[in-house]
Amino acid sequence: MAVNTIDYGTLTVSTSSVGMADASPAMPAKAKGAVITLEDAQIRWRDDGTAPTATEGHILNASDVLTFDSWTAPGNNYKQVLNAIRFIRAGGTDGKLKISWYD
């Protein structure tokens, strides 16, 4: 089973919680994996369906990468995680995520 890049998007993370549906373009329906890179400004994230806050959630620092790997084990399907994940900025500056989606 091959894994292919199916789209690329950008997501600005500010003072309100955002998810993959807020990216431009939004997450493709067939996405099962992703690589997400934070370009700047510290943010927080949660993938349990609950919105993070500026003080609660996993921290992500500039240049950090989140990988929801659908290629080393092509049977992995992170669609539920990708639909549930939410982001919010942790400080006074918006963050920008760059996202590559995979099937």
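Note that this is a predicted model, so its numbers are computed, not measured.
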Output side-chain donor-acceptor pairs under 3.5 Å for residues 85-93, partner residues at least two apart or in another chain, one line each.
from	atom 1	to	atom 2	distance (Å)
R86	NE	S17	OG	3.0
R86	NH2	S17	O	2.8
R86	NH2	S17	OG	3.4
R89	NE	G91	O	3.0
R89	NH1	D94	OD1	2.5

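When D47, L66, D48 are each tested for a side-chain contact (heavy atoms from CB on, under 4.5 Å) with V81, only one passes: D47.
Applying the ring-ring contact (aromatic ring centres under 6.0 Å, His included) test to residues at least two apart or on different chains, the pairs with a partner in residues 27-66 are W45-H58.
Remark: side-chain polar atoms of R44 are paired, donor with acceptor, to backbone N or O of A54 under 3.5 angstrom. No donor-acceptor distance shorter than 3.5 angstrom exists from the side chain of D64 to the backbone of L60, with no hydrogens or angles considered.
The NZ atom of K32 lies 6.0 Å from the CG atom of D103; values are rounded to the nearest 0.5 Å. Note that OG of S24 and CD1 of I99 are 10.0 Å apart. Values are rounded to the nearest 0.5 Å. In this structure, S63 OG and L38 CG are separated by 7.5 Å, a value rounded to the nearest 0.5 Å.
With a 4.5 Å cut-off on side-chain heavy atoms, L82 and M27 count as touching. Between V13 and V18 the shortest side-chain heavy-atom distance falls below 4.5 Å.
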| said: Show, in sequence, the C-alpha distance, side-chain angles and deciding distance for M20 and L97, and conclude whether the side chain to side chain contact (heavy atoms under 4.5 Å, CB included) test is met. | reply: CA-CA 10 Å; M20 294 300 177; L97 297 173; 5.9 Å; no
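Partners of E39 by side-chain contact (heavy atoms from CB on, under 4.5 Å), not counting sequence neighbours, listed by chain and number: K96, K98. Residues passing the side-chain contact (heavy atoms from CB on, under 4.5 Å) test with P28 are I6, D7, A31, W101, sequence neighbours excluded. Residues forming a side-chain contact (heavy atoms from CB on, under 4.5 Å) with T37 (at least two apart in sequence, or on another chain): V35, V65. T53 pairs by the side-chain contact (heavy atoms from CB on, under 4.5 Å) definition with T55, E56, not counting sequence neighbours.
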